[in-house]
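These notes are about the structure you will find just below.
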Amino acid sequence: MSVMKIMKPFNVVINFKTGELSPGKRVLRRVSDLKPLFYNQKAAEELIHHDDPLMYEVIYADVPEEGGHLGHCTTILYPGRVGEEFFFTKGHRHEKLETAEIYFCLQGTGKLLMESVEGEFEVLDMFPGSSSYIPPYWSHRTVNVGQEPLIFYCIFPGDAGHDYATIERHGFPQLVVERNGKVQLIPNPYWKKNV
Ligand code: S6P
Ligand code: ZN
């Protein structure tokens, strides 16, 4: 016999063009919220002093953060750069490492960077209709490499949790930059392999 509270089924409505999820709870992230994560700290400081641009919004459906439930949300990652680096999400691994996630892309063009706890690195393209499976044990970060907002829908176990500190300490093995008008992945000189 389950000890979970029985809750009522419900709908949320997602606007595929804008990423609006309603009803939902919105979290905003500006350049200042990601400050330590940028390769070019001077470029980040300049942007923060100028108008501290909004990088992304996450809109969460109201679901208990408990095992058995499925958290779900949309992310709207705006186009832009800090120095050469395209706008990206903080990136995290799940506190409960053995939990997976699905990213379903609705609009825009992106890269999904992933690193396993053993230090393997993988990148998937995100485009309207792409449905990316992030298996257990992989950190994940999205990067908008296009001119439009990158909008995607995420589904994850309710008790997954977010570990941001590990990414803040180690970074990802590669950076996604614009060089000579092209999208390029280059080694991150500050990356420290997870051990
Ligand atoms: C949650 C899921 C996404 C991200 C969101 C923002 O597990 O992976 O909803 O939270 O895309 O990224 P971040 O790294 O700031 O949480
Ligand atoms: Zn996640």
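Computation of the quantities below employed the complete heavy-atom set of this structure, encompassing side-chain atoms and omitting hydrogens, waters and symmetry-equivalent molecules. Note that ligands are numbered from 1 as they come in the structure, with each ligand's atoms numbered from 1 the same way.
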Check: Of the options Glu95, His94, His92, which is the one that meets Asp163 in a side chain to side chain contact (heavy atoms under 4.5 Å, CB included)?
Finding: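 Option passing the side chain to side chain contact (heavy atoms under 4.5 Å, CB included) with Asp163: Glu95.
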Around [X], counting heavy atoms of other residues, nucleotides and ligands shown, do more than 12 lie under 6.0 Å from its [atom1]?
X	atom1	result
Tyr78	OH	yes
Gln147	CD	no
Tyr190	OH	no

Notebook entry, point to check: Who pairs with Glu20 by side chain to side chain contact (heavy atoms under 4.5 Å, CB included), at least two apart in sequence or on another chain?
Noted result: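 Side chain to side chain contact (heavy atoms under 4.5 Å, CB included) check on Glu20 returns Asn15, Thr18, Arg26, Ile59.
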Next item on the list: Name all residues meeting the side chain to side chain contact (heavy atoms under 4.5 Å, CB included) criterion together with Pro187; count only those two or more places apart in sequence or in a different chain, and write none if there are none.
Entry: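 Result, side chain to side chain contact (heavy atoms under 4.5 Å, CB included) vs Pro187: none returned.
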Margin query: Evaluate Leu106 against Ile14 for side-chain contact (heavy atoms from CB on, under 4.5 Å), listing each step before the verdict.
Written below: CA-CA 10 Å; Leu106 304 172; Ile14 298 169; 4.0 Å; yes
Polar pairs, ligand 1 vs protein, N/O only, below 3.5 Å.
from     : atom 1 : to     : atom 2 : distance (Å)
ligand 1 : 7 (O)  : His92  : NE2    : 3.3
ligand 1 : 7 (O)  : His94  : NE2    : 3.3
ligand 1 : 7 (O)  : Glu101 : OE1    : 2.9
ligand 1 : 7 (O)  : Glu101 : OE2    : 3.2
ligand 1 : 7 (O)  : His162 : NE2    : 3.2
ligand 1 : 8 (O)  : His92  : NE2    : 3.1
ligand 1 : 8 (O)  : Glu101 : OE1    : 3.1
ligand 1 : 8 (O)  : Glu101 : OE2    : 2.9
ligand 1 : 8 (O)  : Tyr103 : OH     : 2.6
ligand 1 : 8 (O)  : His140 : NE2    : 3.4
ligand 1 : 11 (O) : Thr75  : OG1    : 2.8
ligand 1 : 14 (O) : Gly91  : N      : 2.8
ligand 1 : 14 (O) : His92  : ND1    : 2.9
ligand 1 : 15 (O) : Tyr56  : OH     : 2.6
ligand 1 : 16 (O) : His92  : ND1    : 3.3
ligand 1 : 16 (O) : Tyr164 : OH     : 2.5

Margin query: Can you classify the ring geometry of Phe38 versus Phe88 as parallel (below 30°), tilted (30 to 60°) or perpendicular (above 60°)?
Written below: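 Answer is tilted, since the angle falls between 30° and 60°.
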Checklist line | N, O or S atoms of the protein lying under 2.8 Å from the Zn ion (ligand 2) | finding: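 Hits for the Zn ion (ligand 2) below 2.8 Å: His92 NE2, His94 NE2, Glu101 OE1, His140 NE2.
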Item checked: Residues Lys96 and Asp159 bridged, charged N to O under 4.0 Å ->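 Salt bridge between Lys96 and Asp159, a charged N being under 4.0 Å from a carboxylate O: yes.
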